[in-house]
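Comments concern the structure below.
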2 protein chains.
Amino acid sequence: MTTQTTDPRAIRTRQLIIDAFNQLIKMKNFDQISVKDITELATINRATFYAHFVDKYELLDSVLTEQTGAVMKTYFTCQEQLSKDLMKRMFLSIVEIHESMNTHCRRGYNTFTQMIEEKVKGQLERIFANLLHGQKLDAIVLSWGMYGAYADWDIGSTVRAEDYAQEVAEKLWAFVQPSA
Amino acid sequence: MTTQTTDPRAIRTRQLIIDAFNQLIKMKNFDQISVKDITELATINRATFYAHFVDKYELLDSVLTEQTGAVMKTYFTCQEQLSKDLMKRMFLSIVEIHESMNTHCRRGYNTFTQMIEEKVKGQLERIFANLLHGQKLDAIVLSWGMYGAYADWDIGSTVRAEDYAQEVAEKLWAFVQPSA
DNA sequence: TCAAAAGTGTTGTGTAAGCGACAAAATTTG
DNA sequence: CAAATTTTGTCGCTTACACAACACTTTTGA
């Protein structure tokens with residue numbers, strides 16, 4: 001939860017930076033994009049960039065957060081009850097996050113996977129913790145477990161994502177409901 | 001020739017205002033568009049609007065100038081030599097200016113025709129004066145004559161614009177080259 | 001290999017734009 | 001018609017951004 005300005009100038013400028021970055025990342029590797037490139041495309045002053053982000057790595061970080069969050073939002077809301085179906089959709093959202101990142105940043109996808117993993121696990125953990133009313137350890141196990149399952153599926157599973165998601169949801173559900 | 005800022009902030013803001021206005025003019029009559037509407041859609045402060053334009057009438061004026069100029073640019077450049085063909089294209093540009101205005105602002109087109117006439121005649125006069133190296137009276141006669149021809153054609157001519165343009169060009173050419 | 005060029009991050013100063021408030025039109029409504 | 005509401009310009013104050021200059025690091029290429 002960063003400060004979050006309401007000043008329309010700051011909002012516009014931030015968006016200009018993000019838009020410019022998203023354009024550049026389609027064509028270049030992350031490490032061959034300079035802050036100068038970004039600010040020139042965004043038609044803002046370089047000094048202004050540093051008023052919004054400490055460096056391009058923080059920019060990347062916040063873009064990834066935004067992207068992953070946006071995809072998740074299309075699969076589920078944080079207000080839902082925990083359920084097998086919710087878990088299934090959480091898994092499927094991970095699949096789509098990677099797919100969209102892969103097509104969006106073709107060039108540098110591999111260099112981002114580590115960051116994406118951290119982002120996604122972090123967000124999943126927060127959501128689980130929220131739904132389980134603060135059972136921190138459970139939330140950690142679930143988020144890591146789910147992401148691990150995804151990573152395994154990604155390596156070379158031949159099963160359809162849908163089916164695998166179902167299986168994962170069953171397993172994790174059993175974990176949170178050991179009674180049944 | 002207004003001051004013309006190079007400050008990217010001012011350029012962006014001006015564009016935001018113009019874009020917002022162009023959106024609104026598609027849906028509302030000019031006189032039911034308030035400055036407040038424009039600034040809200042443009043997400044700028046109302047006070048800022050008045051730093052760029054004295055009122056919405058000046059905004060309209062400069063938008064019309066821009067639009068007519070943009071269309072003309074697609075038909076000819078100010079660097080050309082005066083020729084029958086150039087005159088023909090000048091005439092055709094008038095036709096297109098009215099067509100595009102008509103489809104663009106459906107609602108309030110009629111209220112603008114007077115302003116468009118003044119803009120177009122003014123621009124044509126400047127171009128003619130430039131090409132004729134400052135024969136002011138010739139330039140006036142030519143611009144009024146050409147626009148008058150357009151107005152007449154517009155009322156109810158059944159001739160194709162192309163053909164009429166050819167005719168007009170011949171006539172005006174004879175005027176500037178009385179020797180032939 | 002080393003000089004030129006390009007990029008980084010920071011700072012001070014000036015300016016464009018945001019914001020709230022205001023009185024004075026202009027519009028709407030009862 | 002008058003009261004209520006909206007719109008209009010304007011003003012003082014604050015903030016976000018532009019710009020130029022800076023020392024510094026990294027990349028480039030002759």
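In terms of phosphate contacts, B:Tyr50 brings a side-chain nitrogen or oxygen within less than 4.0 Å of OP1 or OP2 of D:dG9. Under 4.0 angstrom from either OP1 or OP2 of C:dA16 there lies no side-chain N or O belonging to B:Thr48. Listed pair A:His52 / D:dA16 fails the phosphate criterion, with no side-chain N or O lying under 4.0 Å from OP1 or OP2. Dashed line: the shortest gap from a side-chain N or O of B:Arg12 to OP1 or OP2 of D:dA16 is not under 4.0 Å.
Each of D:dA16, D:dA18, C:dA16 was ranked by its minimum atom distance to the side chain of B:Pro8; first place goes to D:dA18.
Between its two ends, the helix from C:dT10-D:dA21 to C:dG30-D:dC1 turns its axis by 40°, counting five pairs per end and rounding to 10 degrees.
The 5' end of DNA chain C is approached more closely, in terms of each residue's nearest nucleotide, by B:Asp7 than by the other of B:Asp7 and A:Thr6. The residue among A:Thr43 and B:Tyr57 whose nearest nucleotide of DNA chain D is located toward the 5' end is B:Tyr57. A residue-by-residue look at A:Asp55 and B:Ala51 shows that A:Asp55 has its nearest nucleotide of DNA chain C further toward the 5' end.
Residue A:Ala47 is classed as a base contact, given a heavy-atom separation below 4.0 Å to a base.
Atom C1' of nucleotide C:dT15 and atom CG of B:Asn45 are separated by 16 Å, given to the nearest angstrom. Residue B:Gln32 contributes atom CD, which lies 17 Å from atom P of D:dT6 at whole-angstrom precision.
Side-chain polar atoms of A:Gln67 and A:Ser100 form no donor-acceptor pair below 3.5 angstrom. Side-chain N/O atoms of A:Glu162 and A:Gln166 include no donor and acceptor closer than 3.5 Å.
In this structure, A:Tyr150 has its ring center at least 6.0 angstrom away from the ring center of A:Tyr164.
The base of C:dA17 lies close enough to the side chain of A:Arg9 for a donor and an acceptor atom to sit less than 3.5 Å apart. For C:dG7, the base has no donor-acceptor partner in the side chain of A:Arg46 [N/O atoms by modelled type, under 3.5 angstrom].
The backbone N or O of B:Ile25 sits nowhere less than 3.5 Å from a side-chain atom of B:Asn22 that would complete a donor-acceptor pair.
You'll find the side chain of A:Gln81 stays beyond 4.5 Å of the side chain of A:Leu86, heavy atoms only. Side-chain contact between B:Phe112 and B:Met101 is absent, with no heavy atoms from C-beta onward closer than 4.5 Å. In this structure, the side chains of B:Lys121 and B:Ile140 stay at 4.5 Å or more apart for every pair of heavy atoms.
Remark: nothing in residues 33-40 of chain B comes within less than 4.0 Å of DNA chain C through any heavy atom.
Relative to the ring axis of A:Phe21, A:Lys56 does not place its NZ or CZ within 45° and under 6.0 Å from the centre.
Tracing side-chain contacts under 4.5 Å through hydrophobic residues (I, L, V, M, F, W, Y), one reaches A:Tyr147 starting from A:Phe175; they form part of the same cluster.
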